[in-house]
Amino acid sequence: MSPKKLGPDSLELLLSFVLPAGCRSSLVSGSTYRIQCPNYDIAHRVWENRVGCVYPLLGEGEVLEVVASDYYARSYPKH
């Protein structure tokens with residue numbers, strides 16, 4: 001593994017430290033990570049804080065989805 005690129009397991013572990021309780025992350029395709037949250041309010045908070053908390057952990061071309069039963073947001077691939 002390159003020191004500049006995290007593998008899926010490492011990224012999911014790091015995300016578990018920055019996500020609110022009840023949220024979990026998973027790799028849903030080769031470059032898309034999904035954060036599943038328990039409700040709209042928490043999902044929206046995760047989405048609003050993605051730039052400072054989650055984006056620094058993503059590699060170039062990777063995409064973030066934040067979902068809850070009544071919420072869905074998807075980023076553009078990271079440049």
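For Thr32, the side chain to side chain donor-acceptor pair (under 3.5 Å) test picks out Ser29, with sequence neighbours left out.
Linking Ile, Leu, Val, Met, Phe, Trp and Tyr whenever their side-chain heavy atoms come within less than 4.5 Å leaves Val28 and Val66 in two separate clusters. At a threshold of 4.5 Å between side-chain heavy atoms, the hydrophobic network of Ile, Leu, Val, Met, Phe, Trp and Tyr places Leu57 and Val51 in one connected group. Under the 4.5 Å side-chain heavy-atom criterion for ILVMFWY residues, no single connected hydrophobic cluster contains both Val67 and Leu15.
Between Ile35 and Val54, some side-chain heavy-atom pair lies under the 4.5 Å cut-off.
Taken to the nearest 0.5 Å, the OG atom of Ser31 stands 11.5 Å off from the CG atom of Leu64. Note that the CG atom of Leu13 and the OG atom of Ser25 stand 9.0 Å from one another [nearest 0.5 Å]. Once rounded to the nearest 0.5 Å, the distance linking CG of Leu27 with CD of Glu62 reads 8.0 Å. How far SG of Cys37 is from CG of Leu19: 7.0 Å, rounded to the nearest 0.5 Å.
The two residues Val63 and Ser75 have their closest heavy-atom pair at CG1-O, 3.3 Å. Ala21 and Ile42 get closest at one heavy-atom pair: O-CD1, 4.4 Å. Of all non-hydrogen atoms in Gly22 and Pro38, the two that sit nearest each other are O-CD, 3.5 Å.
Screening residues 40-54 for side-chain hydrogen bond (donor to acceptor under 3.5 Å, both in side chains), with sequence neighbours left out, gives His44-Tyr71. Listed by first then second residue, pairs satisfying salt bridge (Lys or Arg N to Asp or Glu O under 4.0 Å) with a partner in residues 65-79 read Arg34-Glu65, Glu65-Arg74, not counting sequence neighbours.
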